[in-house]
Amino acid sequence: MRCFIAIDLPDRVKSELVGLQNELKASGAQVKWTEAPNIHLTLKFLGEINEGIAQEISRLLKNISENTTCFKMDIKSIGVFPKPNFPRIIWVGVNKGDKEIKDLVRSIEDGVEKIGIAKEEREFSSHITIGRVKSTLNKDKLVNALKALENKPINAEFLVDRITLFKSSLTSQGPVYEALTKVNLKTT
């Protein structure tokens with residue numbers, strides 16, 4: 001089964017991000033927008049794993065959660081990969097909570113490596129993907145729409161109080177995510 005570890009977002013934050021998507025849709029660019037129920041912050045993509053490995057990862061997440069305190073997270077801005085004039089991935093970045101997320105990712109990476117899953121080679125960037133550009137159609141309009149939103153405040157602060165192991169099933173309508181394990185972080 002195809003799996004990943006993530007921070008699921010509250011519905012009100014997902015709604016805020018769908019609002020950004022709607023503003024960008026006016027550009028007429030060909031973008032595959034992340035469906036509202038699927039908007040999340042990926043901590044670690046695991047790829048194909050079996051049931052036994054999933055159980056080991058669930059135990060790992062439980063151990064990590066017992067040593068990780070809840071923290072506040074907010075979203076600071078909209079951005080793109082790889083570069084502003086050639087967007088392929090449209091994302092929103094994290095402001096408050098970035099250090100805590102990176103600490104969490106380090107713990108996850110160290111733990112999954114012991115289970116036999118390779119560490120990510122690229123430096124982790126706290127971001128939430130909201131769209132993937134599919135062609136260059138209306139690219140300039142999209143770039144201008146993105147620039148117009150660069151400094152727009154996003155009302156999206158929330159308490160990160162759990163992490164989730166998700167199973168991702170690819171369908172013709174897009175991915176369907178199922179929570180396999182949810183672990184609560186420590187409260188103060």
Side-chain angles (χ1 to χ4, degrees), residues 1-49 51 53-54 57-58 61 65 70-82 87-95 97-98 100-102 104-105 108-109 112 117 120 122 124-135 142 145-146 149 152 154-185:
M1 66 186 133
R2 191 170 190 258
C3 294
F4 63 93
I5 301 165
I7 295 170
D8 199 11
L9 308 179
D11 288 341
R12 68 174 176 76
V13 174
K14 291 179 182 182
S15 293
E16 189 82 20
L17 299 180
V18 167
L20 284 178
Q21 290 173 331
N22 290 336
E23 289 185 55
L24 293 170
K25 285 177 185 178
S27 70
Q30 288 186 325
V31 178
K32 171 67 174 134
W33 299 105
T34 306
E35 298 289 331
N38 291 349
I39 297 174
H40 64 275
L41 191 153
T42 302
L43 300 171
K44 174 70 177 170
F45 178 72
L46 301 165
E48 290 291 329
I49 61 172
E51 185 66 39
I53 296 292
I57 290 169
S58 294
L61 295 180
S65 71
C70 297
F71 58 93
K72 287 195 175 174
M73 175 181 140
D74 76 353
I75 296 166
K76 66 176 176 182
S77 61
I78 194 161
V80 299
F81 295 134
R88 298 294 299 149
I89 305 292
I90 302 169
W91 51 266
V92 291
V94 172
N95 185 25
D98 184 58
E100 291 87 346
I101 291 168
K102 288 179 177 172
L104 192 54
V105 167
I108 291 168
E109 288 285 359
V112 298
I117 297 171
E120 180 62 47
R122 290 177 290 177
F124 182 81
S125 169
S126 300
H127 72 281
I128 300 160
T129 299
I130 61 170
R132 297 177 187 280
V133 180
K134 295 298 181 189
S135 79
L142 177 62
L146 286 161
L149 292 175
K152 179 180 178 156
I154 302 170
N155 180 23
E157 183 175 284
F158 67 98
L159 183 69
V160 176
D161 59 359
R162 84 169 44 119
I163 51 178
T164 305
L165 172 62
F166 284 99
K167 175 183 171 183
S168 173
S169 301
L170 301 178
T171 72
S172 58
Q173 289 80 39
V176 175
Y177 300 152
E178 174 190 347
L180 298 178
T181 303
K182 294 180 182 183
V183 294
N184 293 325
L185 303 181

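- A 4.5 Å side-chain heavy-atom check between Leu180 and Cys3 finds at least one atom pair inside the cut-off.
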Query - side chain to side chain contact (heavy atoms under 4.5 Å, CB included) assessment of Arg2 paired with Ile49 - result: CA-CA 6 Å; Arg2 191 170 190 258; Ile49 61 172; over 6 Å; no
Pairs of donor and acceptor atoms involving the side chains of residues 29-36, under 3.5 Å and at least two apart or interchain, shall be tabulated with distances.
| from | atom 1 | to | atom 2 | distance (Å) |
| --- | --- | --- | --- | --- |
| Gln30 | OE1 | Ser135 | OG | 2.5 |
| Thr34 | OG1 | Thr129 | O | 3.2 |

Query raised in the report: Could you go step by step and tell me if Tyr177 and Ser169 meet the side chain to side chain contact (heavy atoms under 4.5 Å, CB included) rule?
Result: CA-CA 6 Å; Tyr177 300 152; Ser169 301; over 6 Å; no
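- Around atom NZ of Lys25, more than 12 heavy atoms belonging to other residues, nucleotides or ligands sit under 6.0 Å away.
- In terms of the ring-ring contact (aromatic ring centres under 6.0 Å, His included) criterion, residue partners of Phe166 (sequence neighbours excluded) are, by chain and number, Phe4.
- Contact check for Val160 versus Lys72: no side-chain heavy atoms found under the 4.5 Å cut-off.
- What you find for Leu185 and Arg162 is that their closest heavy atoms are CG-N, 4.0 Å.
- Note that CG of Leu20 is 10.5 Å distant from CD1 of Ile90, once rounded to the nearest 0.5 Å.
- Proximity of Ile39 to Val18: side-chain heavy atoms (C-beta onward) are separated by under 4.5 Å at one or more points.
- Between Asn38 and Pro175 the shortest heavy-atom distance is ND2-O, 3.0 Å.
- The two residues Lys76 and Asn95 come nearest to each other via the heavy atoms CB-CB, 3.4 Å.
- Taken from CG in Leu41 to CG in Asp8, the straight-line distance is 10.5 Å, to the nearest 0.5 Å.
- A distance of 4.0 Å separates CD1 in Ile75 from CD1 in Ile128, rounded to the nearest 0.5 Å.
- Taking the side chain as every heavy atom from C-beta outward, Thr164 and Thr181 never approach each other to under 4.5 Å.
- Closest heavy-atom contact between Leu149 and Glu23: CD2-OE1, 3.1 Å.
- A heavy-atom distance below 4.5 Å is found between the side chains of Ile57 and Ile117.
- Side-chain contact between Pro87 and Leu142 is present, with at least one heavy-atom pair separated by less than 4.5 Å.
- Side-chain N or O atoms of Trp91 include none that pairs as donor or acceptor with a backbone N or O of His127 at under 3.5 Å.
- Judged as a salt bridge (Lys or Arg N to Asp or Glu O under 4.0 Å), and not counting sequence neighbours, the contacts of Lys102 are Asp98.
- By the side chain to side chain donor-acceptor pair (under 3.5 Å) test, His40 is found to be paired with Thr42, residues two or more places apart in sequence or in another chain being considered.
- Partners of Phe158 according to the ring-ring contact (aromatic ring centres under 6.0 Å, His included) rule, which considers only residues two or more places apart in sequence or in another chain, do not exist here.
- Judged as a side-chain contact (heavy atoms from CB on, under 4.5 Å), and not counting sequence neighbours, the contacts of Glu109 are Lys44, Val105, Val112, Lys119, Glu120.
- Nearest heavy-atom pair, Ser126 versus Ile101, reported as atom, atom and distance to 0.1 Å: OG-CG2, 3.5 Å.
- Note that the OG atom of Ser77 and the CG atom of Leu146 stand 11.5 Å from one another [nearest 0.5 Å].
- Remark: Leu17 CG to Ile130 CD1 distance equals 6.0 Å, nearest 0.5 Å.
- In terms of modelled atom types and a separation under 3.5 Å, the side chain of Arg88 and the main chain of Val133 share a donor-acceptor contact.
- Considering NZ of Lys152 and CD1 of Ile78, their distance stands at 9.5 Å, rounded to 0.5 Å.
- Residues Ile5 and Leu165 share a closest heavy-atom pair of CG1-CD1, 4.1 Å.
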Query raised in the report: How far apart are the C-alpha atoms of Ser168 and Leu170, what are their side-chain angles, what is the distance that settles it, and do they pass the side chain to side chain contact (heavy atoms under 4.5 Å, CB included) test?
Result: CA-CA 6 Å; Ser168 173; Leu170 301 178; 4.2 Å; yes
